[in-house]
Protein chains: 2
Amino acid sequence: MPERALPYRPHNHQACVSQALADARHICREHNARLTAIRERVLELIWQSHKPLGAYDILAQLGTEGHNAAPPTVYRALDFLLQYGLVHRISSLNAFTGCTHAGQKHQGVFLICRQCGNVLELESEPVARAIDTAAKTEDFRPDEITLEITGLCPRCRAGAETGTD
Amino acid sequence: MPERALPYRPHNHQACVSQALADARHICREHNARLTAIRERVLELIWQSHKPLGAYDILAQLGTEGHNAAPPTVYRALDFLLQYGLVHRISSLNAFTGCTHAGQKHQGVFLICRQCGNVLELESEPVARAIDTAAKTEDFRPDEITLEITGLCPRCRAGAETGTD
DNA sequence: CAACGTTTGCAACATTATAACAATTGTCGC
DNA sequence: GCGACAATTGTTATAATGTTGCAAACGTTG
Ligand SMILES: [Zn+2]
Ligand SMILES: [Zn+2]
Ligand SMILES: [Zn+2]
Ligand SMILES: [Zn+2]
């Protein structure tokens, strides 16, 4: 068994955050898109853990920071981050999580632990191929794929009460 | 190319409805569950087409029928129908669609046309296996799988403005 | 600086979903 | 049938999530 993925074990999460922010700055520069203060702060808040954050959670945190935030502020920042593939929306949770494959062409598969709430984003070529084949069988042309798997992460299965923040 | 699936071509949809209601009655009898008038009517409304229906759409239609309906009425009926696998919730649409595999153990894959709105529920063993393998690789135990594929159905690709109701 | 497009602030509103408690209905033993 | 009990439904209110529209502020470019 290879080493467990980051969300499932203690790790230097600050490194996750730094990497995400660096990627974001790079991607935005490449696209001539402005990673403004609010957008960057929202991304940073989303990355405060591997647990998806609701728009209103983000809003509440911004509220305690002097930013004069209303729902559109948050949703606009989220739209921007989604557009450039810096975050993903988890439909089954109405929440948002940082993309761990920013800048790479990828089709996210999300493993969502119902105990600790952490989410692991996978890339799976076999899954992508199987889905593509299934769609082709019906002559359907896929556009966007939402694949969210809820269950128990290894850490929670082992009995830990909560995962790493 | 085999014949297109029902939602993508004109078909005797009344047969879909009858089959769904018959299945529902059978499944409820088996489980000693009461398919009350409201529950049956909600199921029937959901089955009025292959396009998922929002809870408030259902509510509005009930409202025109003498039923004295409020949101909880609908959500409770939906909870019941979900519990017995008679309908599915489409997370990415916040809407509900009739299950076309009621009573069978299955893992739904939903093909959602962004043009006509029709949904086709597939069962795909290869997809299920690929997902299972991917989860196992991370030592994750799946519980519930949401797989929703948005795109263009064959009918809409061929230029028709709308699909069959 | 002036003009323009982008981003943000802000107020109101729309949509989706749930909580709490009372009233009604169905079921079962008597 | 009748009373007791559980399941279902009615009703009101409220929570949670997401959007519209317009005005002000900001950044860029000539
Ligand atoms: Zn981390
Ligand atoms: Zn967990
Ligand atoms: Zn049909
Ligand atoms: Zn279509």
### Whole-Å distance separating the CD atom of B/Gln83 from the P atom of D/dA7
12 Å

### Length of the CD1-P vector between B/Ile58 and C/dT15, whole Å
16 Å

## Note on the structure
Separation of C/dT7 atom P from A/Glu40 atom CD, nearest Å, is 15 Å

### Query
Between A/Asp57 (CG) and D/dT17 (P), how many Å, whole number?
7 Å

### Query
Base, sugar-phosphate alone, or nothing: which one does B/Arg34 contact when heavy atoms must sit under 4.0 Å apart?
sugar-phosphate

### Task
Check whether the aromatic ring of B/Tyr56 stacks on the base of C/dT15, taking stacking as ring centres less than 5.5 Å apart and planes within 30° of each other.
no

#### Entry: Along DNA chain C (nearest heavy atom to each residue), the more 5'-positioned of A/Phe80 and A/Asn94
A/Phe80

## Note on the structure
Tightest non-hydrogen contact, residues A/Arg9 and A/Arg4, listed as NE-O, 2.6 Å

### Summary
Atom CG of B/Leu59 and atom P of C/dT18 are separated, to the nearest Å, by 14 Å

### Query
Whole-Å distance between C/dC10 P and A/His67 NE2?
13 Å

### Message
I'd like to check, for A/Tyr75, whether its ring lies over the base of D/dT19 with centroids under 5.5 Å apart and a plane angle smaller than 30°.
### Response
no

#### Entry: Identified side chain to side chain contact (heavy atoms under 4.5 Å, CB included) counterpart of B/Thr97 within the set B/Val87, B/Ile112, B/Asn118, B/Ile90
B/Ile90

### Task
Using whole Å, report how far CG of A/Leu93 lies from P of D/dA16.
16 Å

### Query
5'-most contact on DNA chain D: B/Pro72 or A/Phe96, nearest heavy atom basis?
B/Pro72

### Message
Any salt bridge linking A/Glu144 with B/Arg114? Criterion: basic side-chain nitrogen under 4.0 Å from a carboxylate oxygen.
### Response
no

### Summary
Taking for B/Arg76 and for A/Arg76 the nucleotide of DNA chain D with the nearest heavy atom, the one nearer the 5' end belongs to B/Arg76

### Query
Okay, side chain of B/Glu148, backbone of A/Thr146: is any donor-acceptor separation there less than 3.5 Å?
no

### Task
Between B/Asp79 and A/Ala69, name the one whose nearest nucleotide on DNA chain C is closer to the 5' end.
A/Ala69

### Query
How many Å lie between CG on B/Asn32 and C1' on C/dT27, as a whole number?
12 Å

#### Entry: Heavy-atom check, side chain of B/Arg89 versus side chain of B/Leu78, under 4.5 Å
no

#### Entry: Candidate nucleotides D/dG10, C/dC10, D/dG18, ranked by approach to the side chain of B/Thr73 - the nearest
D/dG10

### Query
Between A/Asn68 and C/dT8, does any side-chain N or O lie under 4.0 Å from OP1 or OP2?
no

### Short side-chain N/O contact to D/dT17 OP1/OP2 from A/Arg89, under 4.0 Å
no

